[in-house]
Amino acid sequence: MRIEEIITGAICRYFTERSLPEPDQSLIQLQRTRKEFEGDITLVVFPLIRLLKKSPAEAGEELGSFLLQQPEIKDFNVIKGFLNLVVDSSYWMDFVTNSAADHNYGFAESPSGGTVLVEFSSPNTNKPLHLGHIRNNLLGYSISKILEANGKEVKKVNLVNDRGIHICKTMLAWQKWGENATPSSAGVKGDHFVGDLYVKFENEYRTEVRQLAEQGMAEEAARSEAPLIREAREMLRKWEAGDPGVTRLWEMMNGWVYEGFDVTYRSLGVSFDKIYYESETYNAGKAIVREGLGKSVFYSKEDGSVWIDLTRRGLDEKLLLRSDGTSVYITQDLGTAVMRQQDYDAEKMYYVVGNEQDYHFKVLSLILQEMGYDWAGSIEHISYGMVELPSGKMKSREGKVVDADNLIDEMLETAGELSAELGKLDGLDRDEKSAIIRTIGMGALKYFILKVDPKKNMIFNPEESIDFNGNTGPFIQYTHARIRSLLKKAGQQGIVPGKDIENDGFSLTVKEKNVSALLHEFPVIVAEAGKACSPALIANLMYEVAREYNQFYHDHPVLKEEDRGKRDFRLRLSALTGDVIKKGMDLLGIDAPERM
RNA sequence: GGUUCCGUAGCUCAGCUGGAUAGAGCAACAGCCUUCUAAGCUGUGGGUCCCAGGUUCGAAUCCUGGCGGAAUCACCA
């Protein structure tokens, strides 16, 4: 039984033995004892004094004395209404020994929570991925892992936005200025090749608009009547009509993009169970709109456009189908949602999408409710903050973006330089070396992103490279490598901790206890991270574990410890720390190397 | 303008279901490698937790009102 449960149970008993009403669980507040006081766990006495009708000091003393009956509680002190409890060393020793033997430590027993669907990534096929997409991908992948650790059967899905006017722009640009080049003939990664065409289009288009405006046309009219945009619209119309030539071009160019995306996805280490394409779901969306019209949930205006009135629910009217019958963003999202529900019948459908679309998801959820789907409530938008530059928001059209592939390359380069400088990987062959460098470089990048609360906007300064020291991925990876090295050495020296714990005759040092207590938190944090869909909680714990372990490691000999009991405990503690780091980092999608 | 989110050290971030004297890292400075990996450890300096009220035994945390910033309110996605 966990120490928190033991204490809570005992406190309840204290009340019942005095025929007092048992206090509500929320009144029994336990927290980690602050460093400056003696003890491991602290009970906040204030909430209980009303029931006890005693002063905080008095109540603390009495509860402390009572808790002393528990063999796990060794001592206590009361300071200003805080009851600091000293947990007996044997509790921590038992905990470490038992947990070290449990390969599943920290995770839910087995798939127990039903199927859950997580959508993330969802790129457009007209430009390469940037840092914002990196955050999305890392969050989605990590959240999927965390939900799995909480016992869910997780399906990772991607929804590729592969159709629409923006795709037609790149197609048109290729026809006009592409000179039949391909990514391989140009020696450019496919998604970048297509992205460059998109930029080319936007530049030419802007020039046209400017010229028209100079000729006296109104700005808005110029934007919609410029020859280039008319051509693009015409191409979209042809595409929707299934024109063979346009379709062939579309398939070819999207193919280039997918080849490029695959490379980036592999670098990031993300993968999907199923990929949906908007080109395959938007018709399903249109069908739903027709259905809604039939049910009078939606209505159409004279020009043929279809709307839903959400003013009763505090929102506005929302367009669902254009007057020309083509679909908008929400149309295909309705279709996708219904298709997924049919495909998986999941208890929850999470969408990892930026907070700029909060309104969109509010609307989506309301429409599904209005349509009367009983699963409408299973949709949940995991809204995350933007990645901003010191100068503000990233803007692809202005070239103010941090390109994903670029950034990854830079991370690997820096990791390589650092490793060479430190001479850590001397003597390894090239493949091993580059694998470790990749692990470290990507570890630095991923941790940098994931340690931040997903809900918050974050700032990335390209001028300052991502750190490899301090509160960073490599710091945690390093701690793991150290531990693995230590354990390997123990094996070589034939040191194997005995099965029985020899815990008589010594108690744990502060550092030993601190590390143990943090490892003890791991299952709690995994559960919280699952509820909050927040990898940052895991990241923060990993950092604390690594920092605390390094202090322990600095102060205590392990293999050189002469007392066998102490040595064996420290080895077990090290092994469990290594395992927890390995597992925790895996939840973040970060590898923990054997050496570095 | 309406709605939503945010404001903590020079910088990047923790802490926010109310709990003790608000914590880390980076940057700066000063130390620690003949001993299990120094990508480490130790120390010093650094704060009006945006402001003002309110609730409470207790507020960075909750409420109200300001100020500042962001997103959104498209027949864009």
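Throughout, protein chains are lettered first and strands after them, A, B, ... in sequence-line order, and every chain is numbered starting at 1.
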Going by heavy atoms in the side chains, are A:Ser279 and A:Trp250 under 4.5 Å from each other? yes

Can you tell me which nucleotide in B:rA70, B:rU37, B:rA77 comes closest to the side chain of A:Ala481? B:rU37

For B:rG23, which nucleotide is its Watson-Crick or G-U wobble mate, given both distances must be under 3.5 Å? B:rC13

Using atom NE2 of A:His360 as one end and atom C1' of B:rU3 as the other, report the distance to the nearest whole Å. 17 Å

Identified salt bridge (Lys or Arg N to Asp or Glu O under 4.0 Å) counterpart of A:Glu202 within the set A:Lys395, A:Arg223, A:Lys169, A:Lys127: A:Lys169

Salt bridge flag under 4.0 Å for residues A:Arg230 and A:Glu225: yes

Separation of B:rU42 C1' from A:Phe552 CZ (nearest whole Å): 18 Å

What is the distance from CG of A:Asp467 to C1' of B:rC26, rounded to the nearest Å? 6 Å

Protein-proximity profile, nucleotides 4-20 of chain B, B/S/- by nucleotide at the 4.0 Å heavy-atom cutoff, equals ---S----SSS-B--BB

Can you tell me if the side-chain N/O atoms of A:Arg163 get under 4.0 Å from OP1 or OP2 in B:rC76? no

Which glycosidic conformation, syn or anti, is assigned to B:rC26 if syn requires a torsion within 90° of zero? anti

Taking B:rG40, B:rA77, B:rA70 as options, the one with an atom nearest any side-chain atom of A:Arg482 is B:rG40

Any A:Arg484 side-chain N or O less than 4.0 Å from OP1/OP2 of B:rU37: no

Testing B:rC75, B:rG40, B:rC41 for proximity to the side chain of A:Asn469, the answer is B:rG40

Looking at A:Tyr447, A:Tyr549, A:Phe475, which hits ring pair (Phe, Tyr, Trp, His ring centres under 6.0 Å) with A:Tyr543? A:Phe475

Distance, C1' atom - from B:rC62 to B:rC26, rounded to whole angstrom: 33 Å

Distance between the C1' atoms of B:rC16 and B:rC76, in whole angstroms? 36 Å

Let me spell it out: for each of A:Arg50 and A:Gln357, pick the nucleotide of RNA chain B with the closest heavy atom. Which residue's pick is nearer the 5' end? A:Arg50

Can you tell if the side chain of A:Leu159 reaches within under 4.5 Å of the side chain of A:Asp333, non-hydrogen atoms only? yes

Is there a Watson-Crick or G-U wobble partner for B:rU3 with both distances under 3.5 Å, and if so, which one is it? B:rA71

Consider the side chain of A:Tyr478, meaning its heavy atoms from C-beta on, and name the nucleotide among B:rC73, B:rG40, B:rG25 that approaches it most closely. B:rG40

At less than 4.0 Å, is any side-chain N or O atom of A:Gln551 found next to OP1 or OP2 of B:rU42? Yes or no. yes

Nearest to the side chain of A:His166 - B:rA77, B:rG40, B:rA38? B:rA77

Give one of base, sugar-phosphate or nothing for A:Phe475, where a contact means two heavy atoms less than 4.0 Å apart. sugar-phosphate

Protein-nucleotide distance (A:Ile229, atom CD1; B:rC75, atom P), rounded to Å: 16 Å

Taking only N and O in the side chain of A:Arg567, is any of them less than 4.0 Å away from OP1 or OP2 of B:rC36? no

Need to verify one output field. Residue with the more 5' nearest nucleotide on RNA chain B, A:Ser323 or A:Leu559? A:Leu559

